[in-house]
Every structure is written in structure tokens, then in C-alpha cells.
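Notes follow the structure.
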Amino acid sequence: MKPNNLATKIFLDSGDPIETKKTLEILDFLDGQTTNPSLIAKNPQTAGKKFSKEEIYEFYKKVVKEIALMIQQGSVSVEVYADKNTKAESMIVQGKEMFSWIPNAHIKLPTNTEGLKAAESLVQDGLRVNMTLVFSQEQAAAVHAATKGANKGDVFVSPFVGRLDDRGENGMDLIKNIIEMYKKADSHVEVLAASVRSLDHFMYSLQLGSDIITAPLKVYQEWNEKGIKIPDANYQYLFKNLIPMPYHELDLSKSWQEFNINHGLTDAGIEHFAKDWNNLIR
Ligand code: E4P
């Protein structure tokens, strides 16, 4: 049952509608779901199979439609194919097509130059976007600047906690910093804590007041075992040997092109998603 004092929207991170059903059985509510090429590749129905390019898009569409039917009041993030050579024009074409699949889509775009160009254009055309693979405050500032004029709720920014932790940086600091920066600027962009790998990531994101959290089924199973509770004021996020990420004072009135949006983990993430997707194709 949804706790009364829960302000954060709760999303499932999965490419499998069976997990959507299971999460709904456990929590009795769900505000949305995020998918990506790697999660689609993990869907049991793709095991041992190879698809043509058309077939894999059809499969993704079928999956997304099934999920959207179960979470009709929520949002479902659908990610465009992008590798290091993909231009904004291709992301725009894919994004418009994917947006037509379901009534409640957010289009996931990589937070690189081409992805931001695509976001600027799609938002102007009234589409909703979720800017993914965010690893720095500068990238989040660029997302704010590139999508100015959009309505609150139409743009999500997805900082990846777990992948920063993996290389020894405190990913939760990035969530905290972006929330603070957006609050100061009264930003229209909603913070979606992503790459959440543990109940502690989840609980601390709740305590920080993230607009949205996406987490895998196992985190919700654990949350359920602990009674689906909101962290109280005494909750403390404990972490070991992680390097703090300091807050940077950034001017969000600048144009997005003025921010340094380069990040090695964004490039690596794009290549990884592309590889998982291409492995599904014969
Ligand atoms: C969600 O939008 C992200 O794609 C996902 O949380 C990434 O998580 P991972 O770093 O565990 O792959």
C-alpha cells in the first residue's frame, strides 16, 4: 500500500512486463517504468533469439504496450537506439515513432551533444523526454537549459548512482547536488534517481526528496520485507570508501552549449546500450 506521506514517484527499472505485474502485486501501486536496450536484452523472451531490425523494434513496442496498459496513469520511458555516431536527426525520428506507441511515453535520449539537440527539438514539438546517462552536475544543468519552456513533468533527468559508486565516487552526492541546483533555479526538470542498486540508495533518494526513483524488482521486494516505510529523520545513508562529489555553483541561465557535458561514463554507457541492442540483431 502507498504510504500517505510518499511524495516521490516510484518507477520500476525493467524491460519485462512480468516484473511490472509482480511489482504491482507487491506494492499495490507503481507510478511508472523505465526501460533501456540492456533491459530489453534481459527480457526472458529474447533468450537465445536473434531478430531483424524491424522485429526487434516490434518486440520493444509489444513490451512497452503491455507495460503501459498496466501503468495507465504513469509514465513509461522508451529509449532510442544511439551509438557514438548517431545524429540528433535519427534520435528525433525514432523518438517520434516511439512516442506514438503508447499515450504515456517519455523518450529516453543520451545526455551527449546529439541527444541534447534532439531533446531541444522534441520538447519544442510537445514530446516528453528522459535524459539518461547523466554523471555530472554540468550535464544536468545542460538538460535544464536545453529544455527551457517545457512543462513540469515533461522532462526527467536521470543521474546514474550505481555506476558512479562502481568507480569509487559517491553517486548519491550527485542526486543531492542536482536536487539542490534545480531547487535554487526553480527548475521544470524532474530528478529521476537511476542505477539504484540497493535499498540504501532507494531510502536515501527518498530522504533527499528525489522527484522520481527507478529501481529493480529486488529493491521493491526488500522494501516490502521492511514494511514499505519512508525513512525518518534519523535515517543515515552509510557508505564506505566512496569519494565525495562536491557541489558546483552553476549559472543555469546560460545556453546548454556552454556547459561541459563530456563524461567518459556517458560514452561508455552509450556503447554498452548499443552493443546489447546489436547483439539481439542477426
Ligand atoms: C534507468 O533509467 C537506467 O537505465 C538504469 O537504472 C541503469 O541501471 P544500471 O546502471 O544498473 O544498468
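All ligand and atom numbering here is 1-based and tracks the order in the structure.
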Pair [X] + [Y], salt bridge at N-O below 4.0 Å:
X    : Y    : answer
E190 : R128 : no
K275 : E271 : no
D16  : K22  : no
K184 : E249 : yes

Within the protein, flag every N or O under 3.5 Å from an N or O of ligand 1, and note the pair and distance.
unit_1, atom_1, unit_2, atom_2, d
ligand 1, 2 (O), K108, NZ, 2.7
ligand 1, 4 (O), N36, ND2, 2.7
ligand 1, 4 (O), K108, NZ, 3.2
ligand 1, 6 (O), D13, OD2, 2.6
ligand 1, 6 (O), S195, N, 2.8
ligand 1, 10 (O), R163, NE, 2.7
ligand 1, 10 (O), S195, OG, 2.7
ligand 1, 10 (O), R197, NH2, 3.1
ligand 1, 11 (O), R197, NE, 2.9
ligand 1, 12 (O), R163, NH2, 2.9

Apply the test salt bridge (Lys or Arg N to Asp or Glu O under 4.0 Å) to residues K117 and E120: give CA-CA distance (whole Å), side-chain angles for both, the deciding distance (0.1 Å), then the verdict.
CA-CA 5 Å; K117 276 190 210 164; E120 195 173 29; over 6 Å; no
Please collect all ring-ring contact (aromatic ring centres under 6.0 Å, His included) contacts where either partner lies in residues 113-148, sequence neighbours excluded, each pair once.
F135-F160, F135-H263, H144-H188
